[in-house]
Asks: 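I'd like to ask some things about the structure below.
Numbers restart at 1 for each chain; the letters A, B, ... are given by sequence-line order, proteins then strands. Just so you know, these numbers use all the heavy atoms, side chains as well, and skip hydrogens, waters and symmetry mates. Remember, predicted model here, so these are calculated numbers, not experimental data.
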Amino acid sequence: MDYPFSEIEKKWQERWAKEHAFAATNDTSKPKFYALVEFPYPSGQGLHVGHPRPYTAMDIVSRKRRMEGYNVLFPMGWDAFGLPTENYAIKNHIHPEIVTEKNVAHFKKQLQMLGFSFDWDREINTTDPAYYHWTQWIFLQLFKKGLAYKKEMSVNWCKSCKVVLANEEVVGGCCERCGGEVVRKEKSQWMLKITAYADRLIDDLSLVDYPDKVRSSQINWIGRSHGAEVDFETNVGEKLRVYTTRPDTLFGATYMVIAPEHPLVDAHKEEISNLDAVLEYRTLAGKKSDFERTELAKDKTGVKLEGVCGINPVTGKEIPIFVSDYVLMTYGTGAIMAVPAHDERDWEFAKKFDLPIIEVVKGGNVQEEAFTDCATGVMTNSGFLNDLSVEEAKKAITAWLEKENKGQAKTNFKLRDWVFSRQRYWGEPIPLVYCEKCGWVPLAEEDLPLMLPAVESYEPTDNGESPLSKLTDWVNTTCPHCGGKATRETDTMPQWAGSSWYYLRYCDPTCLNAPADSKLLDYWLPVDWYNGGMEHTTLHLLYSRFWHKFLYDLGLVSTKEPYTKRTSHGMILGEDGQKMSKSRGNVVNPDEVVANYGADTMRLFEMFIGDFEKTAPWSQSGIKGCRRFAERIWNLQEIVCDGDVRKELEVSLHKTIKKVTEDIENLKFNTAIAAMMSFLNEVTDQGSITKGELAVLMLLLNPFAPHLTEEIWERQQLADKPLYQNAWPVFDPEKCVDKTVEIVIQVCGKIKERMVIAPDAPADEVLAAAKKLPKVADAIEGKTPVKELYVPGKLVNLVVR
RNA sequence: GCGGGUAUGGCGGAAUUGGCAGACGCGCCAGACUUAGGAUCUGGUACUUCGGUGUGCAGGUUCGACCCCUGUUACCCGCACCA
């Protein structure tokens, strides 16, 4: 019997679309479930076999939830602003809007061919003015609250993209997107004060269910540390402030180091007798890219400031000050106190420059190596701190510093503010104008959206300005505040802007007077389950949590966190175990897979391929196995007979329901499919399947293979309504227990025999029976019994000596 | 260096969380049906000198360890001079 998948899949996809089968309703009286997958960037290459993995997984969860009676929101949209589209537009002289439209249409067709139960009525597109209206609006709120500010700063500049990158977009000194060289460049940039939310971004992780990996990556990225700021007097009058996490070691501070760019150098040029050498070092350090600085991390360099020195506030001793690029201007105060005895970097530097190393925590040999692992150590050579523990000393010295007005407790973060402007065309215009009288002025909210104007050329300019800067008619405008002459901001927002709040828009995609209606936000939020890639942990996921918290503070949303539960899928590799790429020639095209095997088979294989959370290589022969499974399911129609669930299959059927039901919740799609395969094998052995059994199997398999199961459901007339409108099967725990079980008889932990018993047989009977088994009797013959164990339904272990 | 993770047949991977290692699938072998098989069906398939031995390696805890503990090796991912 032929399995006409193309025909079936087309039929049901059309029918679902016509019936709006998977549209979420705004009936707020029903229990809701909001399932979210990361919306794709509609690239010109189209769908990749990696895309359907998370989509299928969440489709399975969504379909199951609907059958369980939830009002399910499972939306899809397009994160369509971005560089590849712009680059394509530049190369082919086509408007990015047209490129986007074409790519979206292609993507949508590909997604629809896989039968995902997205609510297409709620489709959104970040490049739609009705959408970016509210991206701009949120930016204005950030600006009004002082969380968006412009700053002249050293930024990451990708030479090949001619664009500024956020710290998160620089990977190993190279551009995350194009792999090109990234250099430092001074530019005036819009910044978002994500650092104002640093504490909450860490602390509120306790409110959500994220994988440890994601949680620890975010904590590590934000990098909170507790310590103290300490003011050191200098011989030139000015105080030099340092940050340290080890104020307890202050007595051991034998020198200081400042970053090459530190203002102390500029302020005291006169007093520095070796100024030339210092400035030369500064120039050299500035030329090094971040990458080189990291590469050379092991070899410490630096120059001593001759003529300027610091004074240790507790010992009163004069100590030298060095300039070195192992101290970063962008962290802490740009200056440190160096305690070589208890810090590896300081130790290395001190050895190189022959500086004194004073032990202040007992326990190590500080002349041999830095003793850093000293949390349990005791203070020494430290005046009034002597004999205190490290923890006590921290408290005592901090209290002393505060009393003496020489410093105070301080918390620092590695997280930097978010560089928010891009010198690009294809992004959201920043809705601000610059007026010489009034400074930066926001557009009136009723004037949003600020439409992206048409330009002749999308080429970025070499001087680092956005293509929009060439549009003088557009740039020159009037100040919304004073009516005088003003110019528009010509930079646009980064791609991460639109995706930072898209999950809100799905709740109410056509709302005209707000990002979304607050009643609907209250109903749908938070997102119950959000699946996405690990690569977004410190980008999208962190950014959107930040925006959500800001909107929470504004009162727009009523949950502290946007996503209750986050899961991550593993990548699908090429058949050769390598990342799929055009250059390796190992790319699998999903269109071909669907054409050859059908969407249901593709979906099954994407789920059966391996542990959902781990990477897995594609396999041509593996997909054939799933195709065989689909065909065998289809052919069940040849052996179907009337009747309910038969007694002899009842236990396996209920066990299968239990397994599939639980496995879906735990992302164990591979074993859920394996369980259904096992049940199919059992039914095949029986030579027949009753309609009652078939109906349950179809319901269980439906989320995985929706077209196939709907068709069988209809052909076999298993119910009046189409399958998707029926309820998820429920297992009876009592029917999941076998009538008899086979247990193992061990002697001293070695398996000797097996025995079939009733699961609730009393222990003494089982033990007695076990001892009579010939091999067991042989093994214990003549030995002294030590212990007799019976684990009900599992095993007997007889320990003898 | 720091953080997270992984290691099981020829391959992808299971193992109810301390209780029968290798479910399920692929591949392979044999058979059936066939003019034919890269189709379908049936059976077999960790290794073995048939005593046993086996979850990267070495120890430990336990009646019992893929699972817990200590040490170690290899690989993957993220961060990385953050004071």
Side-chain angles (χ1 to χ4, degrees), chain A residues 171-172 211-221 223-225 227 242-246 249 256-257 259 290 293-294 296-300 324-328 330-339 342-346 348-349 372 412-416 534-535 537-538 570-571 577 604-605 608-611 613-626 628-629 631-632 635 655 658-659 662 668 670-681 684 736 741-751 754 786-800:
Chain A
V171 177
D212 284 348
K213 211 177 177 175
V214 172
R215 189 187 303 272
S216 57
S217 287
Q218 289 206 344
I219 290 172
N220 187 30
W221 184 262
R224 178 163 60 189
S225 68
V242 304
Y243 173 71
T244 177
T245 55
R246 295 295 306 278
T249 61
M256 301 176 82
V257 186
D290 279 0
R293 252 168 107 146
T294 314
L296 300 169
K298 275 138 209 144
D299 191 22
K300 297 274 181 290
S324 172
D325 65 1
Y326 85 87
V327 172
L328 309 174
T330 45
Y331 183 77
T333 62
I336 63 160
M337 63 177 216
V339 184
H342 305 286
D343 181 280
E344 274 171 39
R345 294 153 304 179
D346 299 346
E348 213 183 301
F349 193 88
T372 55
N412 258 330
F413 299 93
K414 290 190 205 172
L415 184 71
R416 308 289 152 74
M534 277 307 296
E535 68 275 19
T537 301
T538 54
M571 227 194 317
L604 282 165
F605 183 58
F608 191 62
I609 194 165
D611 185 330
E613 298 181 273
K614 293 190 196 134
T615 54
W618 187 262
S619 154
Q620 275 312 314
S621 49
I623 195 164
K624 279 184 202 155
C626 288
R628 261 177 227 156
F629 173 61
E631 274 172 3
R632 288 179 64 204
N635 288 332
K655 276 186 174 173
K658 183 172 193 286
K659 181 83 181 144
E662 292 172 354
K668 296 182 130 191
N670 52 341
T671 51
I673 293 171
M676 291 186 279
M677 285 173 168
S678 294
F679 185 71
L680 173 65
N681 290 343
T684 310
C736 293
V741 286
E742 189 183 65
I743 63 163
V744 170
I745 317 302
Q746 299 179 333
V747 176
C748 294
K750 300 275 179 202
I751 296 161
R754 287 156 203 284
V786 177
K787 207 167 187 177
E788 292 177 351
L789 286 123
Y790 172 54
V791 183
K794 297 258 159 69
L795 56 69
V796 166
N797 190 8
L798 304 170
V799 186
V800 295

Asks: Below 4.0 angstrom from OP1 or OP2 of B:U40, is there any side-chain N or O of A:Arg632?
Replies: no
Asks: Of the options B:A39, B:G19, B:C24, whose atoms approach the side-chain atoms of A:Met677 most closely?
Replies: B:C24
Asks: Fit a plane to each ring of A:Phe605 and A:Trp618, take the angle between them on a 0 to 90° scale, and name the class: parallel (under 30°), tilted (30 to 60°) or perpendicular (over 60°).
Replies: perpendicular
Asks: Give none if B:U40 has no partner; otherwise give the nucleotide forming a Watson-Crick or G-U wobble pair with it, both distances under 3.5 Å.
Replies: B:A32
Asks: Would you please name every residue forming a side chain to side chain contact (heavy atoms under 4.5 Å, CB included) with A:Ala674, sequence neighbours left out?
Replies: A:Phe608
Asks: Does the structure show a Watson-Crick or G-U wobble partner for B:U45, both distances under 3.5 Å? Name it, or say none.
Replies: B:G27
Asks: Among B:C24, B:C79, B:G13, which nucleotide has an atom closest to any side-chain atom of A:Trp221?
Replies: B:C79
Asks: A:Ile751 or A:Gly625: which one's nearest nucleotide on RNA chain B is closer to the 5' end?
Replies: A:Ile751
Asks: Hunt down the Watson-Crick or G-U wobble partner of B:A74, both distances under 3.5 Å, from any strand shown, or write none.
Replies: B:U6
Asks: Taking the minimum atom-to-atom distance to the side chain of A:Leu328, which one of B:A83, B:U16, B:C24 wins?
Replies: B:A83
Asks: Please tell me which of the listed nucleotides, B:G19, B:C20, B:A83, lies nearest to the side chain of A:Thr244?
Replies: B:A83
Asks: Partner of B:A83 by Watson-Crick or G-U wobble geometry, both contacts under 3.5 Å, or none?
Replies: none
